[in-house]
Student: 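This is the structure I want to talk about, given as structure tokens.
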Amino acid sequence: MTMRTKEQIALQEVKSESIKISGAEAVIRCLLAEGVDLIYGYPGGAIMPVYDELYKFQDQLNHVLTRHEQGATHAAQGYARTSGKVGVAIATSGPGATNLVTGIADAQIDSTPMVCITGQVGSHLLGSDAFQETDIIGISTPVTKWNYQITKASEIPEIFAKAFYIARSGRPGPVLIDITKDAQFDNFDFKYQKCTGVRSYQPVPVLDHESVEKAAAMINQAKKPFIVWGQGVILGAAENEFKDFVEKTGIPAAWTILGLSALPTAHPLNVGMVGMHGNYGPNLLTNECDLLIAIGMRFDDRVTGDLNTYAKQAKIIHFEIDPAEINKNVTADVPILGNCRESLTALLPLVEKKSHSLWLERFHELMKVEVKEVIDKDLRPDKEGLSMGEVIAAINKHTQGDAVLVTDVGQHQMVACRYTDFVRSRSNVTSGGLGTMGFALPAALGAKMGAPEREVVAVIGDGGYQMTIQELGTIFQTQAAVKIVVLNNEFLGMVRQWQQLFFDKRYASTEMVNPDFITIAKGYYLDAKKVDKRDDLDAAVAEMIASDKPYFLEVRVEKEDNVFPMIPTGASVSDIRLK
């Protein structure tokens, strides 16, 4: 069969309200109806009918062949995070399906909208331990927002419509659809209708205006108010409302790692990052504020440290879309359920314009301490070897803070998030809650495809890089102009740091014997350069950013540098260490 043109498809749909097609073709038509134009995946026997139809529709739906199914999910995540759309990944049954699980779990905890499609053995073989049969529904249930196994072709339109609605609505998350092979082959009368609601599912709670009024009164009376914002500001498209709220109230505001970039780095009321490797002032003053305003964040343990000592002196206002997060870790005096854009819009007229200049000065004083004890040493080291911080400073210089930063997990992640400049939202893509090594390389590919007009720089450690290094092949094949920076310290750096500080320098299984990264990059036909001298760094970064093609830069950094400040695991935020 030849490829259908757009005109032929439109004519066919005009002739009849419903059309008789196979389940496999229905899958493709459902994706197109939901506005999907890009999917990541890896073919196999149980999903082959869908791939056959995909071949016929390739002029409308671009499929990117990743080198591993995990790479497909991380790429879909990166695409979703920069574009704001639902990412789509597709795989076959058995190992193809199970290889998606890490990315699905990552998307679940980081609230990333994603639809994953897996093939399954024929319905008559279910439960028989057939070749490449795995109960992916049972496996994925704990890490999906919703999942469903389709065994009849006629179920496809309703289930796909429901899947996309659930994935993108309310607190976003991943959905998995498993389709038996016979359901892909069978013909039925296809008709698609988008989903606008699901019984018993209320994605956005109704805003309680009485709670908003209580919050306004508390904000107006507070002497030392403090805002901690998270990714909910970005997911709720509330950046403008949030900025207006911060500026009108004059309240110092700090970010969680996933909230980073919602407010420009240089904003005078942006006082830095909270959490284990956050800034000194925001962590210390969490236990001095009289009002803590949490907006779109979930009080993760890496932010709070010891809950028994966290902000006990403060009243708590918690803006949150997911009722399950209210009072889960920290009890809120005033919970405000709903989309934070709507909540902040209702709150803004009720708050008084203030400055809190003396309170803000406390953050500035503590930042001066951090600059002297930590930041100057990171950005202007007196060692012969390069520091991770000065690499980030060079990237800032040549991107002017307007790049998308994609990071893996570890020391480089903390350093990059601490020191990268941001001027606009949806610019920070990282694995927050799950902490998935191997995330960055495929996520950077997806991030670039989700925002092709933007510079995308992936900063990765030598350990995590090798977990998904095969996705260099996908980057080469697509020619997505991702800039890849590997900070090579020949260690699993974050684990080594903990071993140094808490296990008497017993470096058990953390030293890396690495391959020649430059030869590998060139084997994938990528431009590549290696830097190990300070005098060569600036020119190498400039060359990388100026390139209009994929580019790999390896920077050899100090082997045993540590990331500070640091709150030891389980300690209070007041116990933050500068060295």
Side-chain angles (χ1 to χ4, degrees), residues 102 105-106 109-110 256-258 260 272-280 282-284 286 299-310 329 370 373-375 377-378 381 383 385-392 407-420 430-440 459-468 486-514 555-579:
T102 296
D106 195 288
I109 200 166
D110 282 353
T256 70
I257 193 170
L258 291 179
L260 178 56
M273 179 168 73
V274 291
M276 180 171 283
H277 290 285
N279 293 104
Y280 191 49
N283 278 302
L284 274 183
T286 295
F299 291 111
D300 176 73
D301 64 294
R302 286 293 173 100
V303 167
T304 65
D306 179 13
L307 284 169
N308 294 317
T309 61
Y310 182 78
N329 296 323
E370 184 177 342
E373 297 296 328
V374 177
I375 295 175
K377 295 173 183 176
D378 283 348
K383 300 176 183 178
L386 285 160
S387 74
M388 292 179 281
E390 59 188 316
V391 179
I392 303 304
T407 48
D408 215 76
V409 174
Q411 286 183 316
H412 71 278
Q413 177 191 33
M414 296 295 104
V415 171
C417 290
R418 281 173 52 80
Y419 295 130
T420 301
T430 194
S431 173
L434 196 65
T436 304
M437 292 179 68
F439 171 88
V459 177
I460 316 175
D462 50 311
Y465 177 62
Q466 293 180 82
M467 287 192 171
T468 51
V486 167
L487 302 182
N488 183 6
N489 60 8
E490 297 182 331
F491 267 109
L492 299 177
M494 187 62 83
V495 183
R496 183 213 56 76
Q497 176 169 335
W498 284 39
Q499 289 172 333
Q500 176 185 337
L501 298 176
F502 308 117
F503 293 89
D504 297 325
K505 291 189 176 183
R506 293 188 294 275
Y507 294 161
S509 302
T510 48
E511 188 164 10
M512 304 285 288
V513 178
N514 289 324
V555 183
R556 299 295 295 270
V557 295
E558 281 283 338
K559 290 189 68 170
E560 295 186 60
D561 267 356
N562 291 329
V563 182
F564 287 103
M566 179 181 183
I567 302 169
T569 302
S572 168
V573 291
S574 299
D575 295 328
I576 186 168
R577 298 170 52 171
L578 291 172
K579 56 185 178 180

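All residue numbers refer to positions in the sequence shown, counting from 1.
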Student: Going by the rule side-chain contact (heavy atoms from CB on, under 4.5 Å), which residues pair with Leu307 if we only count those two or more places apart in sequence or in a different chain?
Tutor: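 For Leu307, the residues satisfying side-chain contact (heavy atoms from CB on, under 4.5 Å) (neighbours in sequence not counted) are Thr304, Asn329, Val330.
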Student: Rounded to the nearest 0.5 Å, what separation is found between the CG atom of Leu487 and the OG atom of Ser387?
Tutor: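 OG of Ser387 is found 9.5 Å from CG of Leu487.
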Student: Verify side-chain contact (heavy atoms from CB on, under 4.5 Å) between Asn488 and Tyr465, making sure each step is shown before the conclusion.
Tutor: CA-CA 10 Å; Asn488 183 6; Tyr465 177 62; over 6 Å; no
Student: Compare all side-chain heavy atoms of Gln411 with those of Arg496 and state whether any distance is below 4.5 angstrom.
Tutor: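 Side chain of Gln411 against side chain of Arg496, heavy atoms only: contact under 4.5 Å found.
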Student: State whether a side-chain donor-acceptor pair under 3.5 Å links Gln500 with Glu560.
Tutor: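 The criterion, which ignores hydrogens and geometry beyond distance, is not satisfied for Glu560 and Gln500.
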Student: Do the side chains of Met437 and Met494 get nearer than 4.5 Å, heavy atoms only?
Tutor: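 The answer is no; the side chains never approach within 4.5 Å.
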Student: Between Gln466 and Asn514, do the side chains contain an N or O donor and an N or O acceptor separated by less than 3.5 Å?
Tutor: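 Yes - a donor-acceptor pair under 3.5 Å links their side chains.
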Student: Please determine which of Asp110, Asp408, Thr468, Asp106 meets the side-chain hydrogen bond (donor to acceptor under 3.5 Å, both in side chains) test together with Thr436.
Tutor: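 Per the side-chain hydrogen bond (donor to acceptor under 3.5 Å, both in side chains) rule, the option paired with Thr436 is Asp106, out of Asp110, Asp408, Thr468, Asp106.
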Student: Within the 4.5 Å heavy-atom criterion, are Glu370 and Asn279 side-chain neighbours or not?
Tutor: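 They are in contact (side-chain heavy atoms under 4.5 Å apart), so the answer is yes.
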Student: Restricting to pairs with a member in residues 499-508, which pass salt bridge (charged side-chain N to carboxylate O under 4.0 Å, His left out), not counting sequence neighbours?
Tutor: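 Every pair satisfying salt bridge (charged side-chain N to carboxylate O under 4.0 Å, His left out) with a residue in residues 499-508: Asp504-Arg506.
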Student: Under the criterion side-chain contact (heavy atoms from CB on, under 4.5 Å), I'd like the reasoning laid out for Thr569 against Phe502: C-alpha separation, chi angles, the key distance, then a yes or no.
Tutor: CA-CA 10 Å; Thr569 302; Phe502 308 117; over 6 Å; no
Student: Heavy atoms, side chains only, cut-off 4.5 Å: are Asp378 and Phe564 in contact?
Tutor: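 Answer no - side chains too far apart.
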Student: Once ring pair (Phe, Tyr, Trp, His ring centres under 6.0 Å) is applied, do any residues pair with Phe503, and if so which ones, sequence neighbours excluded?
Tutor: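 Not a single residue meets the ring pair (Phe, Tyr, Trp, His ring centres under 6.0 Å) criterion with Phe503.
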Student: Do Ile257 and Met414 come close enough that some side-chain heavy atom pair is under 4.5 Å?
Tutor: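 When only atoms from C-beta onward are counted, Met414 and Ile257 do touch, with a gap below 4.5 Å.
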Student: I'd like to check the side chain to side chain donor-acceptor pair (under 3.5 Å) partners of Glu511; sequence neighbours left out, ordered by chain and number.
Tutor: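 If we apply the side chain to side chain donor-acceptor pair (under 3.5 Å) test to Glu511, skipping adjacent residues, the hits are Lys559.
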Student: Supply the atom-to-atom distance Arg302 CZ to His277 NE2, rounded to the nearest 0.5 angstrom.
Tutor: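 Going from the CZ atom of Arg302 to the NE2 atom of His277 covers 7.0 Å.
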Student: Are any side-chain N or O atoms of Glu390 and backbone N or O atoms of Pro381, one a donor and one an acceptor, separated by less than 3.5 Å?
Tutor: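 Such a contact is absent between Glu390 side chain and Pro381 backbone.
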Student: Among Met566, Lys579, Arg418, which residue satisfies the side-chain contact (heavy atoms from CB on, under 4.5 Å) criterion with Val374?
Tutor: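 Of the listed residues Met566, Lys579, Arg418, the side-chain contact (heavy atoms from CB on, under 4.5 Å) partner of Val374 is Arg418.
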Student: Partners of Asp300 by salt bridge (charged side-chain N to carboxylate O under 4.0 Å, His left out), sequence neighbours excluded?
Tutor: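 Salt bridge (charged side-chain N to carboxylate O under 4.0 Å, His left out) list for Asp300, sorted by chain: Arg298.
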Student: Are the side chains of Glu490 and Arg556 in contact, using a 4.5 Å heavy-atom criterion?
Tutor: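 A side-chain contact exists here, since the closest heavy-atom pair is under 4.5 Å.
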Student: Walk me through whether Gln497 and Val563 qualify under side-chain contact (heavy atoms from CB on, under 4.5 Å).
Tutor: CA-CA 8 Å; Gln497 176 169 335; Val563 182; 3.8 Å; yes
Student: Can you give me the closest heavy-atom contact between Ser572 and Ile567, atom names plus distance?
Tutor: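 Nearest heavy atoms, Ser572 then Ile567: O-CG2, 3.5 Å.
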Student: What heavy-atom pair brings Asn562 and Leu501 nearest, and what distance separates the two atoms?
Tutor: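 Smallest interatomic distance, heavy atoms only, reads ND2-CD2, 4.5 Å.
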Student: If every non-hydrogen atom of Gly463 is compared with every non-hydrogen atom of Leu492, which pair is closest and at what distance?
Tutor: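 Minimum heavy-atom contact is CA-CD2, 3.9 Å.
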Student: So, for Val573 and Asn283, which heavy atoms are closest and what is the spacing to 0.1 Å?
Tutor: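 Shortest heavy-atom contact: CG2-O, 3.5 Å.
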Student: If every non-hydrogen atom of Ala440 is compared with every non-hydrogen atom of Ile460, which pair is closest and at what distance?
Tutor: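 Nearest pair, atom of Ala440 first, then Ile460: CB-CG1, 3.7 Å.
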Student: Where is the tightest heavy-atom contact between Leu578 and Pro565, given as atom of each residue plus distance?
Tutor: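 Taking Leu578 first and Pro565 second, the nearest heavy atoms are CD2-CG, 3.9 Å.
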Student: Under the side chain to side chain donor-acceptor pair (under 3.5 Å) rule, collect the residues that match up with Thr407, sequence neighbours excluded.
Tutor: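 Scan of Thr407 (side chain to side chain donor-acceptor pair (under 3.5 Å), adjacent residues dropped) gives Thr430.
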